[in-house]
Amino acid sequence: MATSDDSKKLHIAMFPWLAFGHLLPYLDLAKLLAQKGHTISFISTPRNLNRLPKFKIPPNLLSSINFVPISLPQIENLPQNAESTTDVPYDTVPYLKQAFDHTKFQQQFASFIQTTKPDWIIYDFAHHWLPPIAIKHGVSRAFFSIFNAWSLANFGPSPYDDEMDGQDSTPKPEHLTVPRKWVPFKSNVTFRLHEAKKILNSLNPNVSGVSDLFRVHKAFLGCEVLLIRSCVQVEAEWIQLLQDMYRRPVVPVGLLPPPLHVSDNGENNDMWQEISSLLDKQKKNSVVYIALGSEVEPSQDDFTELAHGLELSGLNARVLEEKKVGLEIPRNEEDGSFTRDSVAESIRLLVVDEEGGVYRENVKEMSLIFADEDLHRTVQLVLNDLKSQQSYIFWFYGNVGKYKEGKPVFIVPEDRYEEGCNVFEGKWVWDNVTYPLYKEESCPYLVKQTTCLRNGRPDSSYRNWRWQPSSCNLPRYNSVLSLYENDASSQIIISIFLRVCRFYPLKLLDVLRNKRLMFVGDSVQRSQFESMVCMIQSVILKENKSFHRIHPMKIFKAKEYNVSIEYYWAPFIVESISDHATNHTVFKRLVHLDSIAKHGKSWAGVDILVFESYIWWMHQPLINATFGSPEKIQEYKVPSAYKLALETWANWLESNINPRTQEVFFMSMSPTHLWSWEWNPGSDANCFNETHPIQGSYWGTGSNFEIMGIVGNVLKQLKINVNFMNITQLSEYRKDAHTTVYGERKGKLLTKEQRADPKTFGDCIHWCLPGVPDTWNEILYANLLKKHQNIF
């Protein structure tokens with residue numbers, strides 16, 4: 001853009017669903033953004049744009065809001081000129097969605113995006129096809145929901161993984177009438193049965209080919225940030241839950257109330273002045289305000305009963321009712337009907353009766369929140385000056401798609417653990433709120449060896465333990481920044497951002513942008529690779545990720561970020577006869593202690609290398625190996641062979657790694673739990689049926705101190721820095737987290753007979769996923785953030 005001042009302004013496209021209950025809040029938001037100097041392109045159909053109340057747009061903003069018409073294709077069963085939900089009966093709305101999804105309609109939008117290239121597109125729930133188009137053209141994406149956080153959270157985490165291909169898994173009506181299992185706090189806020197029935201009717205796939213539930217979840221998965229018409233004072237816990245569920249920043253833009261006075265910019269408030277004058281003439285407690293909503297179609301009977309109820313009574317809520325600032329009129333659970341008596345009794349209680357006093361007092365307090373215009377316009381702080389790197393969203397989460405050659409990623413102090421803190425000392429604490437970080441069914445990249453629940457494991461508590469260092473915290477956004485401590489609105493936004501789960505996939509993807517992260521080692525290291533992929537893949541659209549197996553590698557790519565996360569099979573790090581990832585011998589082992597060049601070709605130039613090698617060395621006290629002459633095979637004591645192999649690896653690092661552009665990590669040994677007598681004296685079993693971590697100090701015989709010492713000495717002598725990830729002790733406590741009889745043996749799940757003999761067939765080496773390797777990756781994530789330099 002021409003000037004530095006211009007560079008601070010954004011071009012924001014806004015595209016609401018074709019309903020005036022959506023168009024009008026989007027227009028209110030457009031006016032707020034335009035007031036900050038941003039250019040708005042407001043997209044809808046010609047007839048909808050003509051019907052918008054443009055007279056409410058202040059004259060000084062008219063030049064900043066451009067109305068962009070795109071024509072809705074005419075399809076069968078959709079009445080001519082029908083362009084919004086107000087134009088058609090309720091049962092015809094699916095045809096409106098079918099036209100909305102039409103290729104011709106999408107092409108018009110894509111043409112606009114390609115031609116104008118806005119900085120952001122703010123879209124609605126129905127636009128499941130929009131994010132791929134925006135991504136293709138490098139446009140950042142925000143989903144603005146007019147629904148409150150409670151209603152969105154009640155539909156639960158997305159059921160749409162890569163293998164569902166748009167097929168819905170819809171709940172039953174009774175599922176929506178009880179507190180949902182993923183809500184971690186106590187709440188009685190649920191749908192009524194009659195509401196649940198109506199909602200579920202719209203959640204079944206219709207003539208458009210998809211359901212509304214599918215649309216909503218795709219809108220979530222396609223956005224970089226969710227803007228929600230709500231505020232933390234009303235539903236802070238629900239906003240937080242949405243953020244935890246979808247691992248996206250959730251920013252409450254406020255309730256967007258209309259101005260209560262004539263504004264300085266001349267906004268037309270004549271209608272409000274007339275209403276205000278009328279209200280001023282009424283007696284106290286003599287007026288009841290009834291809002292039915294733009295999409296509500298009450299029956300004549302409903303209107304009759306409502307009117308009679310008002311005559312007899314001489315208000316309505318759900319989240320607000322739980323906060324005792326509103327009371328819901330009792331209804332028939334089956335059909336939602338109400339009676340004049342129930343209306344009258346409810347209003348009397350709230351307005352007149354003594355027991356309604358608590359409601360009236362709470363309403364006075366809440367009215368201050370609802371009347372605070374500045375509080376409900378915090379979206380200005382979020383999007384203002386985004387391109388000049390002063391936006392909170394930019395700082396905390398990045399502006400995806402804008403930077404081809406690296407980008408600024410703001411790492412705040414809370415992202416880094418304290419200097420001098422040993423994150424490997426601590427304890428496991430129970431946490432069934434933020435753990436697991438993902439679920440088996442949501443990640444299609446897990447091998448059968450690690451999917452314990454799918455394989456029949458009856459307990460799942462191994463997924464709900466969180467590692468807590470003794471003297472510090474791993475990166476957790478758990479405090480409010482003091483950057484703008486005098487700005488109350490800023491603190492609201494920052495506090496919402498900071499109260500999120502400690503692992504944030506989008507931030508990691510930004511740190512890894514244009515880089516390769518490779519895990520090198522055996523099947524235990526493969527689990528860490530799969531864990532990392534599962535921890536980030538849910539925030540990436542299906543069309544923007546890929547997964548390939550190219551012996552001896554597995555490669556996951558996040559295309560939008562140009563990130564490659566890879567796994568390389570090398571159980572001894574140096575070359576051996578076991579270097580084929582699937583076709584290798586287990587019992588007959590031969591290691592070439594001074595040969596690494598073949599592997600090194602695949603490691604060269606990788607930005608971040610994470611090595612591991614232990615369990616394959618420990619099969620017997622002696623191991624066959626060559627050193628010098630490849631034909632001269634001899635037996636070595638395992639520690640001696642391990643030392644020679646690690647020195648070969650160290651020499652390769654010093655010759656091939658550029659410490660200014662590359663990072664190297666080495667994982668300490670992953671412990672085994674083969675003998676239960678080590679933690680339970682007198683027993684004669686293994687890790688099978690263990691359900692809790694070991695408490696107190698513990699070190700098993702499966703972890704070799706001599707090998708640990710060799711690793712330390714080799715790393716100490718290196719001329720370049722290698723980050724030692726000492727995960728052994730923290731993993732020693734987790735006797736409960738192995739696959740046991742719920743994994744694979746020789747590429748096949750255990751038979752019923754084998755499962756009945758856990759002492760022989762129980763696997764106490766590999767880990768279930770989600771599980772312990774997720775913690776290894778959280779610590780790896782913490783190290784990457786700690787080393788990451790802010791780029792400004």
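As the structure is a prediction and not an experimental result, all values here were calculated from the model.
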Do we see a donor-acceptor contact under 3.5 Å between the side chains of [X] and [Y]?
X      : Y      : value
Ser731 : Trp776 : yes
Asp774 : Ser531 : yes
Glu663 : Asn783 : no
Thr648 : Asn651 : no
Asn464 : Asp431 : no

Which atom of [X] lies closest to which atom of [Y], heavy atoms considered:
X      : Y      : value
Pro252 : Ser230 : CB-O, 3.2 Å
Ile540 : Ala558 : CD1-CB, 3.6 Å
Ser527 : Leu769 : O-CD1, 3.5 Å
Trp677 : Gly682 : CB-N, 4.5 Å
Tyr742 : Pro458 : OH-CD, 3.4 Å
Gly521 : Tyr567 : O-OH, 3.4 Å

Among residues at least two apart in sequence or on other chains, which ones pass side-chain hydrogen bond (donor to acceptor under 3.5 Å, both in side chains) with [X]?
X      : answer
Lys515 : none
Arg516 : Glu566
Asp763 : Thr739, His766
Ser703 : Glu732

Please identify each residue that fulfils ring pair (Phe, Tyr, Trp, His ring centres under 6.0 Å) with [X], with sequence neighbours left out.
X      : value
Trp679 : His673
Tyr698 : none
Phe572 : Trp616, Trp617
Phe611 : Trp603, Trp649

Check for a donor-acceptor pair, side chain of [X] on one end and backbone N or O of [Y] on the other, with a separation under 3.5 Å.
X      : Y      : value
Arg454 : Lys448 : no
Tyr445 : Gln537 : no
Glu440 : Leu453 : yes
Gln468 : Cys472 : yes
Thr450 : Val447 : yes
Asn680 : Ser676 : no
Arg463 : Leu437 : no
Thr740 : Phe688 : no
Tyr642 : Ser613 : yes
Asn704 : Ile707 : yes

Is there a side-chain contact between [X] and [Y] (heavy atoms, below 4.5 Å)?
X      : Y      : value
Val183 : Trp238 : yes
Tyr781 : Pro505 : no
Ile536 : Phe556 : yes
Glu612 : Val524 : yes
Ile228 : Val253 : no
Lys545 : Lys557 : no
Arg734 : Trp465 : yes
Gln449 : Ser523 : yes

Give, for atom [atom1] of [X] and atom [atom2] of [Y], the distance between the pair rounded to the nearest 0.5 Å.
X      : Y      : atom1 : atom2 : answer
Ile694 : Tyr733 : CD1   : OH    : 9.0 Å
Arg513 : Asp510 : CZ    : CG    : 5.0 Å
Lys439 : Leu446 : NZ    : CG    : 14.0 Å

Original post:
When the aromatic ring centroids of Phe705 and Trp699 are compared, is their separation below 6.0 Å?
Top reply: yes
Original post:
Given His692 and Trp430, is the side-chain contact (heavy atoms from CB on, under 4.5 Å) satisfied, shown in steps?
Top reply: CA-CA 10 Å; His692 287 79; Trp430 178 254; over 6 Å; no
Original post:
Once the angle between the rings of Trp767 and His738 is folded into 0 to 90°, is it parallel (under 30°), tilted (30 to 60°) or perpendicular (over 60°)?
Top reply: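 Correct class here is parallel.
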**OP:** Might you work through the side-chain contact (heavy atoms from CB on, under 4.5 Å) test for Phe665 and Leu609, ending with a clear yes or no?
**Re:** CA-CA 6 Å; Phe665 293 83; Leu609 285 159; over 6 Å; no
Original post:
In a check of side-chain contact (heavy atoms from CB on, under 4.5 Å) between Pro693 and each of Leu730, Val429, Asp736, which one passes?
Top reply: Asp736
**OP:** Output all residues satisfying salt bridge (Lys or Arg N to Asp or Glu O under 4.0 Å) with Asp459, sequence neighbours left out; order by chain, then residue number.
**Re:**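 Expected list: Arg457.
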Original post:
Which pairs count as salt bridge (charged side-chain N to carboxylate O under 4.0 Å, His left out) when at least one residue sits in residues 518-533, sequence neighbours excluded?
Top reply: Arg526-Glu530, Glu530-Lys554
**OP:** Applying side-chain contact (heavy atoms from CB on, under 4.5 Å), run through Leu508 and Met532 and close with a yes or a no.
**Re:** CA-CA 10 Å; Leu508 177 59; Met532 178 62 80; 3.6 Å; yes
Using distance only, find each side-chain donor-acceptor pair of residues 709-728 under 3.5 Å and give its atom names and separation, not counting sequence neighbours.
{"unit_1": "Asn713", "atom_1": "ND2", "unit_2": "Gly709", "atom_2": "O", "d": "3.3"}
{"unit_1": "Asn723", "atom_1": "OD1", "unit_2": "Lys787", "atom_2": "NZ", "d": "3.0"}
{"unit_1": "Asn723", "atom_1": "ND2", "unit_2": "Val664", "atom_2": "O", "d": "2.9"}
{"unit_1": "Asn726", "atom_1": "OD1", "unit_2": "Ser668", "atom_2": "OG", "d": "3.4"}
{"unit_1": "Thr728", "atom_1": "OG1", "unit_2": "Ser668", "atom_2": "OG", "d": "2.7"}
{"unit_1": "Thr728", "atom_1": "OG1", "unit_2": "Met669", "atom_2": "N", "d": "3.3"}
{"unit_1": "Thr728", "atom_1": "OG1", "unit_2": "Met669", "atom_2": "O", "d": "2.7"}

Original post:
Stepwise, does the side-chain contact (heavy atoms from CB on, under 4.5 Å) test hold for Met535 with Tyr438?
Top reply: CA-CA 6 Å; Met535 289 165 76; Tyr438 57 92; 3.7 Å; yes
Subject >> Residue pairs, two or more places apart or on separate chains, that pass disulfide (SG to SG under 2.5 Å) and touch residues 639-740 >> reply: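 Only Cys687-Cys764 qualify under disulfide (SG to SG under 2.5 Å).
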